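Structure, as C-alpha cells:
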Amino acid sequence: MQFAIDGTTKISQTLRYDVVIIGAGLAGLYTALHIGERHSCLILAKDKIDISNSWFAQGGIAAAISSDDAPIFHLEDTLIAGAGLCDKDAVGVLVDEGPTDISRLVSLSVPFDIDEFGDLQITREGGHRKNRIVHAGGDATGRETVKALAHIVAQRGNISFSENTCFYDILKDKNGAVSSIIVKKDDKDFHLIETRHVVIATGGIGQVYRSTTNPSVATGDGLAAAMRAGAEIKNIEFIQFHPTGLWSPVPEDREFLISEAVRGEGGLLKNRDGVRFMEGAHELNELAPRDIVARAVVKELQRSGDDHVFVDITAKSEDFLKKRFPTIYEECLKRGINIAHDWIPVCPVQHYLMGGIATDTNGRTSIPGLYAAGEAANTGVHGANRLASNSMLECLVFGRRAAEDISRALEQPASGEKPVLPHVQTRPKAALDYTALRQRIKDLMSEYGYVMRNAEGLRYAIGEVTEILRQVEAVYDDAVVYLETLNIATVALAILTAALNRPESIGSHYREDTAV
Ligand SMILES: Cc1cc2nc3c(=O)[nH]c(=O)nc-3n(C[C@H](O)[C@H](O)[C@H](O)COP(=O)(O)OP(=O)(O)OC[C@H]3O[C@@H](n4cnc5c(N)ncnc54)[C@H](O)[C@@H]3O)c2cc1C
C-alpha cells in the first residue's frame, strides 16, 4: 500500500515550508533549533507537547564528560551492549560529539542537576563502566529538557509549531525525492504541505504492544509512512523490553516506569517469597543488561504463575527516595505504594525500538529529502541492544547533524518540480471496530513478539496480523484512529517478519526455539 489517504481525501489548504519536522520530542525540537534561521521550519505534534517519550524520560543523558572518562570508553560500552550489531562509525560520531551537545544544552538553559560545587551531577547506569549520565529534576530529565528547548523554539522567528496535527503520507516527485506531505489538523482538515525536506522524528512504536512505557502517540506513524513511501527499514526486530514497568492489574494506556536507577541505588528484584532470583543469573545481579533481567523476570513469572515480581528499595530512607526519585515516589504513593516501606510490583514492558528508518550519520534516509532522527531512526548506534541513556544522546547528535545537512542543502538553488497530488485509488468507505483490531494486534505481539519468541508463534502471529492488515487496507476511513490502526498493523507485521527471519538470538532478540 502506497498511501493511507485515498482518492476522495479533500485538501482544504496548501502550505509551504523549507523544512517540516514531524515530532516535538527531543529529536524534533533539537533538530529545529539547528536549522539555519533563514529557513522556514514547521514542527508538527500529533497531540500536545507533553505527550512524547522524551517528556516521560526519567534517568538522563549519557556522555563522556567526567574527568576519568573518555569517548573511547563510552564507545566500548556501547559496542558491548549492541552485541556486535552497532555501526562503529556511527557510535564514534555519537560518543565524540555527544559532550559538545550536552554543553549546548547547558547553554540553552536546560536545568541539569548540579552538585554542591556547581558542577553537573554525573551518575552511572547499567552497562556503563564510568559515571556519565547527566539528569535534571532528579528523575524528570526528559520533561525538563523538552520544556527548556520548547521555550527557545517558541522565540525563534523561523519556526512554527502546530499541535494536534497528524502526519499521514509522504509524496514524492517523479525523481523519487520528497515533494510534500499530507497532514490532518485537529482530526478535521487535510493539508498539503509543500516541502523538499522532511524529518521524521515521530518516536517509538510502543502502542503496538499491550504494555508499554510509551504514550498514546507512539503508534509508529513515521515508520509506517516511510515504509509506504519505500524507505529502507532496519533492525526492527530489536525491541527493548524494560524489566521493571510498574505493574497494574489492568494494562494502562502507558505503564509507569520504575527506572533502572532505582536498582542502581540498591533496589533488589524479589519474587513474592522475597527470593532474589537475579542472584546467580548474572554476575551483575539486578544490574545485568536489561534484556537479561527481562528474560529472568519472564522465566520467574512462568515458574511461579504470578503476573509480577517486586523491586525492594526499602533499605533507603524516605527522605533520600523523595529527593532522588520524586516522580517515582509520588506516582507510587498515588497508587497506595510507599516505596520507602512497600515493595514495588513490576513486570517487563515494551520500552524502546532499537531499529527504525535506516539513516546515514547525517540523518539521510534512502529517499532523497527524507531524514529521520531520534527513536524513529536506525542510525546504527544501538545495534541489538541500547545502552541506557544513549537514546536521548542520539536524538541530540544526529538531530543536529540532520539539521546541519538540511541547512547546507537549502543553501543550494532549489530544484524539482511543483508537487502534484498523485493518483490515489479510492477504497470503499467503512468504519471498522478499531478498538477490537488494535487489541487483537497488541495481544498477538505481547504473546508472540515479546521477550521470548519462537518460529511457530511468530508464523501464527504473522498470519493473524496479515489478515487484519488486509481488512484495514481494503477500506478507507478519514479518522485518525483508522490511520493509527493501519500503522500499528503495518509495524507489527514488519517486527514479526524480521523476528522470524532472524533465527539466532542476539541482544534483545531472543529465539527460544534456536537458543543453545
Ligand atoms: C518512560 C521512559 C523513560 C525513558 N528514559 C530514558 C532515559 O532516561 N534516557 C534516555 O536516553 N532515554 C530514555 N527513554 C527513551 C527516550 O526517551 C526516547 O527514545 C527519546 O526521547 C525519543 O525521542 P524522539 O524525539 O525520537 O521521540 P518522542 O519524544 O517520542 O517524540 C515523538 C513526537 O512525534 C510526534 N508524532 C508521532 N506521530 C505523529 C504523527 N503521525 N504526526 C505528527 N506528530 C507525530 C509525537 O506527537 C511526539 O511529539 C525513555 C523512554 C520512556 C518512554
Side-chain angles (χ1 to χ4, degrees), residues 4 20-32 42-63 98 123 125 133-136 139-143 145-146 149-150 161-169 181-185 199-207 212-225 240 242 244-246 254-261 327-328 331 349-354 356-357 372-377 379 381-382 386-396 398-399 480 483-484 486-487:
V20 180
I21 296 173
I22 304 159
L26 185 56
L29 294 171
Y30 199 68
T31 303
L42 173 67
I43 307 177
L44 306 177
K46 186 156 72 164
D47 202 315
K48 302 272 178 239
I49 196 158
D50 58 355
I51 309 289
S52 71
N53 282 354
S54 299
W55 186 271
F56 296 114
Q58 297 177 344
I61 313 177
T123 64
E125 285 184 354
I133 319 292
V134 292
H135 47 87
D139 57 3
T141 309
R143 185 187 69 207
T145 308
V146 168
L149 297 189
F161 182 39
S162 183
E163 287 183 335
N164 296 316
T165 305
C166 185
F167 160 63
Y168 267 63
D169 279 317
I181 60 168
I182 305 279
V183 305
K184 192 175 187 203
K185 178 79 182 149
V199 183
I200 294 186
T202 46
I205 52 92
Q207 291 298 321
T212 176
T213 57
N214 296 188
S216 55
V217 292
T219 47
D221 297 351
L223 195 59
Q240 189 166 79
H242 200 292
T244 57
L246 180 61
R254 175 182 85 82
E255 307 300 337
F256 186 76
L257 183 69
I258 304 301
S259 163
E260 193 165 290
T327 316
I328 295 173
E331 183 65 32
V349 290
Q350 190 284 344
H351 185 54
Y352 184 79
L353 172 67
M354 260 76 73
I357 306 165
E375 193 167 337
T379 59
V381 299
H382 305 304
R386 171 183 70 120
L387 187 63
S389 289
N390 265 359
S391 42
M392 291 175 85
L393 189 68
E394 181 193 33
C395 290
L396 300 174
F398 294 99
V480 165
L483 173 82
E484 289 184 338
L486 173 70
N487 291 342

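For ligands, and for the atoms within them, numbers begin at 1 and follow the listed sequence. Quick caveat, the model's predicted, so the values are computed rather than measured.
- Across Gly374, Ala45, Gly59, Gly60, heavy-atom proximity to atom 9 (N) of ligand 1 is greatest for Gly60.
- For Tyr168, the ring pair (Phe, Tyr, Trp, His ring centres under 6.0 Å) partners two or more places apart in sequence, or in a different chain, are Phe190.
- Checking only distances, Phe167 does come within under 3.5 Å of ligand 1, N or O to N or O.
- The nearest pair of heavy atoms linking Ile49 to Ala24 is CG1-O, 3.9 Å.
- Side-chain polar atoms of His382 and Gln240 form no donor-acceptor pair below 3.5 angstrom.
- Atoms of ligand 1 lying under 4.0 Å from at least one heavy atom of Ile22, given by number and element, are 42 (N), 43 (C), 44 (N).
- Both tests hold for Arg254 against Phe56: distance to the six-membered ring centre under 6.0 Å, angle to the ring axis within 45°.
- Under the 3.5 Å distance criterion, the side-chain polar atoms of Thr327 are left unmatched by any main-chain donor or acceptor of Ala140.
- For atom 12 (N) of ligand 1, the closest heavy atom belonging to the protein is Ser391 OG, 2.7 Å.
- Interface atoms of ligand 1 facing Ala24, defined by a heavy-atom separation under 4.0 Å, are 33 (C), 48 (C), 49 (O).
- For ligand 1, the atoms sitting less than 4.0 Å from at least one non-hydrogen atom of Thr165 are 42 (N), 43 (C), numbered in the order shown with element in parentheses.
- Near Ser52, meaning under 4.0 Å from any of its heavy atoms, are these atoms of ligand 1: 28 (P), 29 (O), 30 (O), 31 (O), 48 (C).
- Here Leu257 has side-chain heavy atoms under 4.0 Å from ligand 1, and that is the only part of it that gets that close.
- Summary of contacts: the protein heavy atom closest to atom 24 (P) of ligand 1 is Ser54 OG, 3.8 Å.
- Side-chain N/O atoms of Ser389 and Glu125 include a donor and acceptor closer than 3.5 Å.
- Checked by atom type and distance alone, the side chain of Asn390 never pairs as donor or acceptor with a backbone atom of Ala62 at under 3.5 Å.
- Protein heavy atom closest to atom 44 (N) of ligand 1, with residue, atom name and distance, is Lys46 N, 3.1 Å.
- Backbone and side-chain nitrogen or oxygen atoms of Asn214 are examined, and none is located within less than 3.5 angstrom of a nitrogen or oxygen of ligand 1.
- At the top of the distance list for atom 27 (O) of ligand 1, counting protein heavy atoms only, stands Gly203 CA, 3.2 Å.
- Side chains of Ile205 and Asn214 form no contact here, defined as non-hydrogen atoms less than 4.5 Å apart.
- The single protein non-hydrogen atom nearest to atom 36 (N) of ligand 1 is Thr202 CG2, 3.9 Å, given as residue, atom name and distance.
- The line from CD1 of Ile22 to CD1 of Ile43 is 11.5 Å long, rounded to the nearest 0.5 Å.
- Val217 CG2, 3.9 Å is the protein heavy atom nearest to atom 46 (C) of ligand 1.
- Between Arg254 and ligand 1, not a single N/O pair is under 3.5 Å apart.
- Formation of a donor-acceptor pair under 3.5 Å by the Asp169 side chain with backbone atoms of Ala4 is found in this model.
- Counting only non-hydrogen atoms, the option in His351, Glu125, Glu163 that gets closest to atom 52 (C) of ligand 1 is His351.
- Side-chain atoms of Thr219 and Lys46 form a donor-acceptor pair, as typed in the model, at a separation below 3.5 Å.
- At a heavy-atom cutoff of 4.0 Å, ligand 1 is contacted by no atom of Trp55, backbone or side chain.
- Of the protein's non-hydrogen atoms, Asn53 N, 3.0 Å is the one closest to atom 30 (O) of ligand 1.
- Checked by atom type, the side-chain pair Thr213/His351 shows a donor-acceptor distance below 3.5 Å.
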(request) Could you please spell out the steps behind the salt bridge (charged side-chain N to carboxylate O under 4.0 Å, His left out) verdict for Glu163 and Lys185? (result) CA-CA 8 Å; Glu163 287 183 335; Lys185 178 79 182 149; over 6 Å; no

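- The shell of residues lying under 4.0 angstrom from ligand 1, judged by heavy atoms, excludes Gly142.
- With hydrogens and angles ignored, the 3.5 Å screen pairs no side-chain donor or acceptor of Thr165 with any backbone N or O of Leu44.
- Close approach of ligand 1 to Tyr352 is summarised as follows: ligand atoms under 4.0 Å from at least one heavy atom of the residue are 19 (O).
- Residue-to-ligand polar distances place Glu375 within reach of ligand 1: an N/O pair is separated by less than 3.5 Å.
- Looking at ligand 1, you'll find an N or O of Ala27 within less than 3.5 Å of one of its N or O atoms.
- Listed by atom number, the atoms of ligand 1 under 4.0 Å from Leu26 heavy atoms are 25 (O).
- A donor-acceptor contact under 3.5 angstrom links the side chains of Thr379 and Glu394, judged on distance only.
- The nearest heavy-atom contact from the protein to atom 41 (N) of ligand 1 is Asp221 OD2, 2.7 Å.
- A donor-acceptor pair under 3.5 Å is formed between the side chain of Glu375 and the backbone N or O of Leu353.
- The Ala201 neighbourhood of ligand 1 comprises atoms 32 (C), 33 (C), 34 (O), with distances under 4.0 Å to a heavy atom of that residue.
- Residue contact check: Arg386 has heavy atoms under 4.0 Å from atoms 10 (C), 11 (O), 12 (N), 13 (C), 15 (C) of ligand 1.
- Distances from atom 3 (C) of ligand 1 to the heavy atoms of Ala4, Ala57, Ala218 put Ala57 nearest.
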